[in-house]
Amino acid sequence: MARYNARESERKWQDAWNARNAFAAHNDSQKPKAYVLEMFPYPSGRIHMGHVRNYTMGDVIARFRRAQGFNVLHPMGWDAFGLPAENAARDKGVNPRDWTYDNIAAMRGELKMLGLAIDWSREFATCDVEYYARQQKLFTEFYKAGLVYRSEADVNWDPVDMTVLANEQVIDGRGWRSGAAVERRKLSQWFFKITAYSDDLLNALDKLERWPEKVRLMQRNWIGRSEGLRFSFDLSNGEKLDVFTTRPDTLFGASFAAISPDHPLTQELAQRDAKLAAFVAECRRVGTSEAAIETAEKMGYDTGLTAAHPFDANWRLPVMVANFVLMGYGTGAIFGCPAHDQRDLEFANKYKLPVLPVVIPEGEDPKAFHVGKEAYTGPGRLANSRFLDGLDVASAKKDVAKRLEAEGKGTPTVNYRLRDWLASRQRAWGCPIPMVHCAKCGIVPVPQSDLPVKLPDDLDFSVRGNPLDAHPTFKHAKCPSCGGAATRDTDTLDTFVDSSWYFARFCDTKAAAPVNPDAANYWLPVDQYIGGIEHAILHLLYARFFTRGLHKLGYTKVDEPFAGLFTQGMVTHETYQSHNGGDWITPDEIEKRDGKAFLKGTNTQVEIGAIEKMSKSKKNVVAPQRIIDAYGADAVRWFMLSDTPPERDIEWTEAGAEGCWRFVQRIWRLVDEAKDLPPPGTPPEGASDLRRATHKAIAAVTDDLENLRFNRAVAQIYALANAMGMGEKDGAARREALEAMVRMIGPMMPHLAESAWAALGHTTMLVETPWPKADAALTQDNIVTYAVQVNGKLRATRDFAKGTDKATVEADALKLDAVVRALEGKAPKRVIVVPDRIVNIVA
RNA sequence: GCCCGAGUGGUGGAACUGGUAGACGCACUGGACUCAAAAUCCAGCGCCCGCAAGGGCAUGUCGGUUCGAUUCCGACCUCGGGCACCA
């Protein structure tokens, strides 16, 4: 027989599915719906193995659900705005739009070769005018709904490139491109009011049961809710100073008050105090990088002001400016209790401030308890604290809060570390912010009738700064309100905005409105979302926020965009290096002999390095295209699903790929050998081993796919193939086994499965064939093998009819040779029989 | 520093709610077929002792609970991830 020709078969079936429009999703179906979505790709130019893994997993779910009778939405689009297009424009002189759409065309072609069951009629790119026009509409609506506002913000400013840099673009305090020392600048920027939903975004995490616990935890920490008390100090200059604390119980251990260098009071004082101004400048000079923060010394400056202790006006605390107090959290001011806060302790030790323990661990003597280099943050009883003495921490907190609240000095407050989302970017290849700045009317949103604000096609990327800002006409606009000359906002939106609602647009990509509520309410939430863990926080949090915004605006009734989330692992590969840690060498350039790696066709040995994520810098990238050409899409898909659990990193190996290819051929042989089977539809009878293996496999694979355990599903299918090697070679049971196998590999290796289905004599297509059902009578054995243990050690096994009574099992087990030998004549003290499982004899 | 997660053969990994540890794949070894190779098929494959029958030891380490622990509890070690002066 001919070997299976993957190339020919894959092309043929892709055309056939296409001709039948087999994967169209229907917005008016009576079937239950299933929305399966993988995080859409950035059109960098080529697909990589990570894409292959991601889209294969999604495709398996989509095809599985379709076979189970669901109306499936499985779309594809492009996250198409972003910096690489601008870099290409500057470096190569191309138009970013052309560059992007060319990349999309190339990647679409590569993705289609994988045979994905996608409704391509819904494809769009976020840089399509049709998409970003609607995003602009949403932005103005969010603005009117109070979910967007403008405010001053500190940004990383590159003085050479004259542009704002993202934190990731600042390396050791310098711009990644220019190398210039980055400055902190205050700019007026647009923000999304994500903090309006802090509590809701946090609480709703509990209901996202089909999200990984890890991701929920990361989001919880990111939102960072903490309960505490906000109260005010009376200052010696007559003003009040608001502080936030989670430890009001330690108030009698206070030895100073501290304010941020960015606090308004600091600014005010610095105007009359040159030394303070210098101190503030010094604080700002110290970078915001992790390393800088970790090693930064605590620094303080005594303002000369004092603050009255809230419970004793005669007790004066010095007011210090301290570099470790952040303006962005709480009120930007604290009270310092050195004995019970590590930072305060370091600060106090440096500036010789008192350290008075007020929470004493159980069993310690309050008079003897001393805090040295480590602050005590554990539980205990209050001491040295007047009316609080003897209380536990929780009661003391409540008591302080109650008293200060009664005096009108304090309020119980919840703080979050979550900040509002700064969405302005000084970039040209993005969604223009549809706002106009008028000297007379202030900020005016561009009215619906004037949308979209289109990106000009003639941007000059050789200029410094934002090409959109430098464009000769773009920024000149008429004020929509008064008609006078005004300035258009030349910033664009963070590309995370683009990906915050694309899943809602997929529900109806033809709708005039940004989101069609009927379609969105039918399809949303996404039933299964799949993507990388790197989006655990930002993208997923922004999308959750945006969906709440869409709800508020009436576009949908759901709040949570993704009911099920799965985060898949990366694709890794061995690295190769010439000797002595020299140049990296690509996998294509080496060959392996006896576990050693050599330069192809030579005896020059190369070092095999660590297994790492595929990356250009380590040159350990394997292009999907080459692999598809060599083994076909099905073998590659099979590899991606085999062996490694989907959430873990998978190592790509040539040997593994060859193994997958061999399995493709093995299935094809099994089908070919089955020429003389009874015709399709012949019912099998009886209960042979093969039939039992078939139905057990169906039950197991179904369960595994339901739970995204692809590696186990693959193992079950191998086991069934092995069972076929031993079972009946002909007859209806053989056909049943083969057909079950073909139907089960359908979602995983769809082209091979279609070919096999046709070869088995079917005239219908496998994509239109329902998922097989397991016969419960055949998934259960009527003979069970008991393990027989003596003192917990396995000594024998013994078959019994299922449900045999305990007494019989016990009596027979005790007669076994191995048991008699192990007992050495001793009488059993106790015999434990676990029905249909195990016997343990205790001697 | 704080918070998570994971440690099982040469290797990727299985093991349902505590019940025969190592399914299935890869690699490897031996054999069959072949002039030969590829492909395919058959067999073997945790470690130690033993000709064998059989026995002992094994799921990072040490302890605990239990008739029985990869699974539950405690301590420790190693690796990976997240956050990072958040008051």
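To find a chain, count down the sequence lines: A is the first, B the second, and so on, and within it residues start at 1. All values derive from a computational prediction rather than experimental measurement.
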Using atom [atom1] of each nucleotide, how far apart are [N] and [M] to the nearest Å?
N	M	atom1	value
B:G68	B:A53	P	30 Å
B:A38	B:U17	C1'	50 Å
B:G9	B:A21	C1'	11 Å
B:G18	B:C72	C1'	8 Å
B:G81	B:C16	C1'	28 Å
B:G55	B:C4	P	45 Å
B:A14	B:G1	C1'	38 Å
B:G25	B:C45	P	15 Å

Applying a 3.5 Å limit to both distances, which nucleotide forms a Watson-Crick or G-U wobble pair with [N]?
N	result
B:A84	none
B:U65	none
B:G46	B:C57
B:C26	B:G10
B:U71	none
B:C41	B:G31

Counting side-chain heavy atoms from C-beta on, which of [options] comes nearest to [X]?
X	options	answer
A:Ala719	B:G54, B:C85, B:C24	B:C24
A:Met218	B:G82, B:C67, B:G19	B:G82
A:Ile838	B:C67, B:C86, B:U20	B:U20
A:Arg666	B:G82, B:C41, B:G54	B:C41
A:Thr785	B:U20, B:A87, B:C26	B:U20
A:Arg669	B:C67, B:U40, B:A87	B:U40

If every non-hydrogen atom of [X] is compared with every non-hydrogen atom of [Y], which pair is closest and at what distance?
X	Y	answer
A:Ser232	A:Asp242	CB-OD1, 3.1 Å
A:Pro646	A:Met57	CB-CE, 3.5 Å
A:Asn711	A:Ser642	CB-C, 4.2 Å

Name the nucleic acid region contacted by [X], choosing base, sugar-phosphate or nothing; use a 4.0 angstrom heavy-atom cut-off, strictly under.
X	value
A:Asp344	nothing
A:Val834	base
A:Asn722	sugar-phosphate
A:Val831	nothing

Using atom [atom1] of [X] as one end and atom [atom2] of [N] as the other, report the distance to the nearest whole Å.
X	N	atom1	atom2	value
A:Met748	B:C24	CE	C1'	13 Å
A:Met726	B:A23	CE	P	13 Å
A:Ile334	B:C85	CD1	P	14 Å
A:Glu346	B:G1	CD	P	13 Å
A:Asn711	B:A14	CG	C1'	9 Å
A:Asn707	B:C16	CG	C1'	12 Å
A:Met741	B:C24	CE	P	15 Å

Point to revise | Steps toward salt bridge (charged side-chain N to carboxylate O under 4.0 Å, His left out) verdict (A:Arg669, A:Asp672) | key: CA-CA 5 Å; A:Arg669 267 197 312 281; A:Asp672 187 64; over 6 Å; no
Exercise for review: Would you check if there is a donor-acceptor pair between the side chains of A:Asn620 and A:Thr575 at a distance under 3.5 Å?
Suggested key: no
Check your understanding: Can a cation-pi geometry be assigned to A:Lys298 and A:Phe324, taking NZ or CZ under 6.0 Å from the six-membered ring centre and within 45° of the ring axis?
Key ->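 Yes, a cation-pi geometry.
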Check your understanding: Is a donor-acceptor contact shorter than 3.5 angstrom present between the side chain of A:Arg662 and the base of B:C26?
Key -> no
Practice item. Would you state whether a donor and an acceptor, one from the side chain of A:Lys298 and one from the base of B:C85, lie under 3.5 Å apart? Key: yes
Check your understanding: In B/S/- notation, 5' to 3', how is nucleotides 2-12 of chain B contacted by protein heavy atoms closer than 4.0 Å?
Key -> -SS-------B
Exercise for review: Can you label the angle between the A:Phe252 ring and the A:His309 ring as parallel, tilted or perpendicular, going by 30° and 60°?
Suggested key: parallel
Practice item. For the pair A:Trp661 and A:Tyr631, name the ring-plane relationship: parallel under 30°, tilted 30 to 60°, perpendicular over 60°. Key: tilted
Please state whether the phosphate of [N], meaning OP1 or OP2, lies under 4.0 angstrom from any side-chain nitrogen or oxygen of [X].
X	N	value
A:Lys793	B:U20	no
A:Arg795	B:G55	yes
A:Arg343	B:C86	yes
A:Tyr718	B:G25	no

**Study point:** Verdict with supporting geometry, A:Asp649 and A:Lys613, salt bridge (charged side-chain N to carboxylate O under 4.0 Å, His left out)
**Key:** CA-CA 8 Å; A:Asp649 290 353; A:Lys613 180 187 183 181; over 6 Å; no
Check your understanding: For A:Gly792, does its backbone N or O pair with a side-chain atom of A:Asn840 as donor and acceptor, under 3.5 Å?
Key -> yes
Check your understanding: Got a donor-acceptor contact below 3.5 angstrom from the A:His340 side chain to the A:Thr377 backbone?
Key -> no
Check your understanding: Going by a 90° cut-off around 0, is B:G9 syn or anti?
Key -> syn
